Novice: 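So that we are looking at the same thing, I have put the structure below in structure tokens.
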Amino acid sequence: MTTLVRESDTLTRDALAVLQPGFTGTAAPTWLLRRLSEGLASVGLFGRNIESARQLAALTAQLRAVRPDVLVAIDEEGGDVTRLEARTGSSFPGNLALGAIDDPALTRDVARELGRRLADCGVNLNWAPSADVNSNPDNPVIGVRSFGADPRLVARHTAAYIEGMQSVGVAACTKHFPGHGDTNVDSHHDLPCIDADLSTLHARELIPFRAAVAAGTKVVMSAHILLPALDSVLPATLSPAALTGLLRAPVGEGGLGFAGLIVTDAVEMKAIADTHGIERGTVLALAAGADAICVGGGLADEDTVLRLRDALLRAVRAGELSEERLADAAARVRALARWTAAEARAGAPAGEGGAPAPDVGLTAARRALSITGLDGWVPLTEGPYVAAFTPVANIAVGAETPWGLAVELAQLLPGSETGAYGRQQAAEHGISAMIANVLGAAADRRIVAVVRDVHRHPWMADALDALLAARPDTVVVEMGVPQAPPSGALHIATHGAARVCGRAAAEVIAGQGADG
């Protein structure tokens, strides 16, 4: 009887160990602390959990008081996707900006400084970097989160990012395997399908992931995308062919030879939840070769944790998931936890982390600017009117994170004002009426038009054309993927919408750069 109880307890602890749940609030709820004591090994943090660095450090200390080696994960890419600075915008410019500069040493420095800030707050697993090749410029969810469209450029910056992040003891998580860049559907909302053949997959999507494995990435995150060349039925997260047959398989057998932790993208995303359900999806992912299940961006309560725990236990008892596979997955989670705990005890390796570099993000943002029309440009001396043509934010970015030039321009040019204009306004009142509103609000002030992925939004392109026809002296700042041709009296492509990207663009407009 004692043996049976012990075996049951071991199984339960393993089922809890493979979950990476989120929660609500800026302090750990009682239920979460209790489950940590019962075997839960990981916790995921989101913007809703963070108010300040000091508060975050207190929260992670609260978790470690119960489980000293707990994995505390966060989705902190820098750039558009930030949780540490969700309320202010990021101090780091993001992947596309780094790729545009194409200085791997700078990418390594940026990742190191970002990792240092995470480590200082007690975070030891970062669900980043994105190693997706942005081969489809109409991609609604990757875009500036990618280093670029060239697989080899993406590969060298992915490796540099991993090296920088892990040099300060924070595990990097390379995503979204086997590559989310060639999609025109957001897997938060539906199941994307990539029809590329295997040769294309190996020549394009997989090059950065091979570089990530060679660089020693501790974790790889799977994507909820269907690749018929690999598996005509199951998305990569649930596919043995993708996770075991490709990611895990030895290099000599055509695989990537990855031996670290495989974590899923969030199972409550509709690509999984609406096709298989989160319980069934969790079981299938573990059976396919995943080791950890990310959940809690949208579902963040104890009931979700218990539902997934019990689904795994039922699957083992029904023979749908082997006990050995579950134990192997849990062992990989605990091995990563031991690595992060040992790194935290030792501190950053001697000479590896280097000195803190708090301004490296702004330095990178300045270097990332692509400017057209600078010859003859006379910097503004009075506050302009900023017309921000604002698309709907994708879920990965989040609507709570500010973007644009409003705050940064107002600091440099007092009196600057901003108005936001969106697709709904264009649809309800028409482009002409919307631009008339812009012109009326601007009066005789210079206009700065801020756009984001103008090539993906016909209403935005039409609005910009109409504005430039009326006011050719308008400054245009593109804060997304600069796919459309430059336009305006001065055109600035920032390659991202982080706060520092806005600051760098504002400095050019006001003629107040690093030395200004």
Side-chain angles (χ1 to χ4, degrees), residues 18 130-133 135-136 139 141-142 151 173-210 212-213 219-295 311-312 315 319-322 325-326 328-329 332:
V18 301
S130 168
D132 305 297
V133 178
S135 51
N136 184 346
N139 195 311
V141 68
I142 301 301
C173 173
T174 307
K175 61 188 183 184
H176 306 81
F177 181 83
H180 208 312
D182 190 23
T183 63
N184 58 9
V185 172
D186 184 345
S187 53
H188 289 91
H189 301 296
D190 207 342
L191 178 61
C193 179
I194 295 178
D195 287 323
D197 57 28
L198 282 177
S199 61
T200 300
L201 192 67
H202 281 277
R204 188 177 64 187
E205 274 77 13
L206 293 180
I207 287 178
F209 289 97
R210 292 188 188 279
V213 173
V219 187
V220 170
M221 177 179 282
S222 66
H224 306 329
I225 55 176
L226 189 67
L227 294 103
L230 282 176
D231 191 318
S232 61
V233 176
L234 294 171
T237 290
L238 312 181
S239 171
L243 300 189
T244 302
L246 182 58
L247 183 53
R248 286 275 188 236
V251 174
E253 297 175 13
L256 275 66
F258 180 61
L261 183 80
I262 299 175
V263 64
T264 70
D265 209 342
V267 291
E268 72 267 31
M269 291 165 60
K270 291 187 176 182
I272 299 297
D274 285 2
T275 54
H276 298 275
I278 65 168
E279 291 98 332
R280 183 65 180 160
T282 293
V283 171
L284 290 173
L286 264 290
D291 305 303
I293 305 296
C294 175
V295 63
L312 291 170
E320 297 175 345
L321 175 67
S322 74
R325 171 78 272 272
L326 180 59
D328 174 62
R332 280 201 175 91

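Note that the numbering runs from 1 along the sequence shown for the chain. From a predicted model like this one, the values you see are computed outputs, not experimental measurements. Below, all heavy atoms of this structure are taken into account, side chains as well, without hydrogens, waters or symmetry copies.
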Novice: Any side-chain to backbone donor/acceptor pair from R210 onto G255? Under 3.5 Å, distance only.
Specialist: yes
Novice: Is the shortest side-chain heavy-atom distance between H276 and L284 below 4.5 Å?
Specialist: yes
Novice: Can you confirm whether I262 sits close enough to F177 that some side-chain heavy atom of one is under 4.5 Å from a side-chain heavy atom of the other?
Specialist: no
Novice: Yes or no on side-chain contact (heavy atoms from CB on, under 4.5 Å) for I194 and L226, after CA distance, side-chain angles and deciding distance?
Specialist: CA-CA 6 Å; I194 295 178; L226 189 67; over 6 Å; no
Novice: Does D265 use its side chain to pair, donor to acceptor, with the backbone of M221 at less than 3.5 Å?
Specialist: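 It does not hold such a pair.
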Novice: Look at the side chain of T264 and the backbone N and O of S222, then say whether any donor-acceptor pair between them is shorter than 3.5 Å.
Specialist: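 The answer is no, because no donor-acceptor pair under 3.5 Å joins these two groups.
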Novice: Closer than 3.5 angstrom, by distance alone: can the side chain of H224 be matched with the main-chain N or O of A266 as a donor-acceptor pair?
Specialist: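 The answer is yes, because a donor-acceptor pair under 3.5 Å joins these two groups.
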Novice: Hey, are D291 and R325 close enough for a salt bridge, meaning a charged N less than 4.0 Å from a carboxylate O?
Specialist: yes
Novice: What is the minimum heavy-atom distance between A236 and L227, and which atoms define it?
Specialist: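 What the structure gives for the nearest pair is CB-CD1, 4.5 Å.
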Novice: Keeping the roles fixed (side chain from T275, backbone from A271), state whether a donor-acceptor pair exists under 3.5 Å.
Specialist: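 Side chain of T275 to backbone of A271: a pair is present.
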Novice: Compare every heavy atom of A311 with every heavy atom of E279, then report the nearest pair and how far apart it is.
Specialist: CB-CB, 3.7 Å
Novice: Is any side-chain heavy atom of L230 less than 4.5 Å from a side-chain heavy atom of L198?
Specialist: yes
